[in-house]
Amino acid sequence: MITAGLDIGSTTSKVVIYDTETNTILDWSYVATGVNPTLTAQKLYKDILEKNKLEKADYVVATGYGRKIVDFKNQISSEIICHAKGISFLKPEIRTIIDIGGQDSKVICVDDNMKVADFVMNDKCAAGTGRFLEVASTILETTVDKLSALADKADEDIEINSTCVVFAESEIIGMIAKGYSVETIVKAVHLSIAKRIVNQVNSLPWKSPVAFTGGVSFNNSLKSIISNLLGENMYTYNTPIITGALGAAILGKEKLI
């Protein structure tokens, strides 16, 4: 039987189709969520079914910000549960998951039975999320995908003291006026995000090994800074953006058993 997991995020929507007999990922895809999440979810699901010559999935689980607007779902589930299931499937020994998305960041502790033991979520401030990177890239007239390489070229460390993106934006503009290089400012943004994430991690009784998921985990510079601050190497799946959707698809399998 085939299950589908959809993770409808504020920035990106993801889908995974999963074969419950072989316990394998059949296919996955992701697109920008855009201004009409309902239509985005419908098209994302329709396209992946057509690509794999399937009429429909036997069970569909939706997660993410837009989980309730998926009109063809069988069930909804929290992002916390889905990320834990997705990472535990990929690497069962993981005990702590850091997920940084477009509008929130989460730290999830997983027990020896691969169940959620504890978590903390920042969904009220963009300072520790991908949104901060988007704001910084706009001010600095670059793109998000170039930020990691820019941060790696910084020749000095400076700090952003503001804990709010709105005030941090003004602080970045002030740094430009003082003549700091784009590379140095970008690294300061990365350090600011990393420190907020590490504070979240340290608020929990976390354990090694640690996994880094979500679209922001494509940023190798940020991954390196967080790893250094934690004193831990972090596992990252080669397509870390789909772990929530994968977990949703696996949850669907459990409902079919």
Side-chain angles (χ1 to χ4, degrees), residues 1-20 25-49 52 54 56-90 97-110 114-116 118-126 128-131 134 200 211 213-217 237 239-257:
M1 301 184 84
I2 305 300
T3 61
L6 284 103
D7 180 0
I8 310 302
S10 59
T11 304
T12 310
S13 293
K14 293 77 68 175
V15 63
V16 169
I17 50 174
Y18 182 84
D19 187 327
T20 65
I25 300 169
L26 285 181
D27 202 359
W28 56 269
S29 182
Y30 65 89
V31 296
T33 300
V35 297
N36 194 325
T38 300
L39 289 180
T40 297
Q42 291 171 349
K43 187 174 188 308
L44 190 62
Y45 180 63
K46 177 175 175 287
D47 287 351
I48 202 166
L49 290 178
N52 290 274
L54 295 169
K56 66 173 185 174
D58 296 292
Y59 202 88
V60 178
V61 177
T63 190
Y65 273 118
R67 59 188 178 272
K68 293 182 180 179
I69 57 87
V70 178
D71 52 9
F72 51 87
K73 64 186 178 293
N74 297 104
Q75 179 187 345
I76 62 172
S77 182
S78 78
E79 298 163 77
I80 304 298
I81 291 172
C82 290
H83 277 282
K85 285 189 177 294
I87 283 293
S88 294
F89 170 81
L90 297 168
I97 302 165
I98 298 171
D99 172 69
I100 307 179
Q103 298 287 349
D104 67 23
S105 58
K106 300 175 280 292
V107 180
I108 307 162
C109 293
V110 181
M114 293 179 284
K115 302 291 185 183
V116 175
D118 205 350
F119 72 93
V120 62
M121 185 172 182
N122 167 33
D123 60 355
K124 301 186 183 304
C125 176
T129 73
R131 178 59 184 158
E134 291 176 1
Q200 282 184 268
T213 73
V216 176
S217 62
Y237 183 52
T239 49
I241 200 168
I242 68 165
T243 52
L246 171 59
I250 292 169
L251 183 62
K253 174 194 172 181
E254 294 174 1
K255 295 298 179 180
L256 289 173
I257 294 175

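Computed from a predicted structure; not experimentally measured. Each residue takes its place number in the sequence, starting with 1.
Within the 4.5 Å cutoff, side-chain heavy atoms of S29 are placed close to those of L44. A heavy-atom distance below 4.5 Å is not found between the side chains of Y59 and M1. Considering only heavy atoms from C-beta on, I242 comes within 4.5 Å of Y237 through its side chain. Contact annotation: the side chain of D7 never approaches that of C82 to less than 4.5 Å [non-hydrogen atoms, C-beta and beyond]. Considering only heavy atoms from C-beta on, N74 stays 4.5 Å or farther from K255 through its side chain. Inter-residue side-chain proximity for V60 and Y45 is flagged as met; some heavy-atom pair is nearer than 4.5 Å.
With values rounded to the nearest 0.5 angstrom, K253 atom NZ is found 9.5 Å from D19 atom CG. The structure places CD1 of I69 at 8.0 Å from CD of Q42, a figure rounded to the nearest 0.5 Å. Rounding to the nearest 0.5 angstrom, the gap separating the CZ atom in R131 from the OG1 atom in T11 is 8.5 Å. Rounded to the nearest 0.5 angstrom, T213 OG1 and K106 NZ are separated by 7.5 Å. To the nearest 0.5 angstrom, M114 atom CE is 6.0 Å from S88 atom OG. Taking NZ of K14 as the reference point, atom CD1 of I8 lies at 7.5 Å (rounded to 0.5 Å).
In this structure, I250 and K85 approach most closely via the heavy-atom pair CD1-O, 4.0 Å. Nearest heavy atoms, V116 versus A84: CG2-CB, 3.7 Å. Contact between K56 and L49 at its shortest, heavy atoms only, is CA-CD1, 3.8 Å. Residues V61 and A248 come closest through the heavy atom pair CB-O, 3.3 Å. For H83 against I108, the heavy-atom pair with the smallest separation is CB-CD1, 3.9 Å. For the residue pair S217 and G214, the shortest heavy atom distance occurs at OG-O, 2.6 Å.
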Evaluate side-chain contact (heavy atoms from CB on, under 4.5 Å) for V110 paired with I97, printing each intermediate quantity in order.
-> CA-CA 8 Å; V110 181; I97 302 165; 3.8 Å; yes
Trace of the side-chain contact (heavy atoms from CB on, under 4.5 Å) decision for L246 with W28 = CA-CA 9 Å; L246 171 59; W28 56 269; over 6 Å; no
Walk me through it: do D104 and Y65 pass the test side-chain contact (heavy atoms from CB on, under 4.5 Å)?
-> CA-CA 10 Å; D104 67 23; Y65 273 118; 3.5 Å; yes
Can you list the steps and then say if L6 with S13 is a side-chain contact (heavy atoms from CB on, under 4.5 Å)?
-> CA-CA 7 Å; L6 284 103; S13 293; over 6 Å; no
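T33 places a side-chain N or O within donor-acceptor distance of the main-chain N or O of T12, the cut-off being under 3.5 Å. Looking at K73, its side chain does come within 3.5 Å of a backbone N or O of K68 through a donor-acceptor pair. No donor-acceptor pair under 3.5 Å is formed between the side chain of S105 and the backbone N or O of T129.
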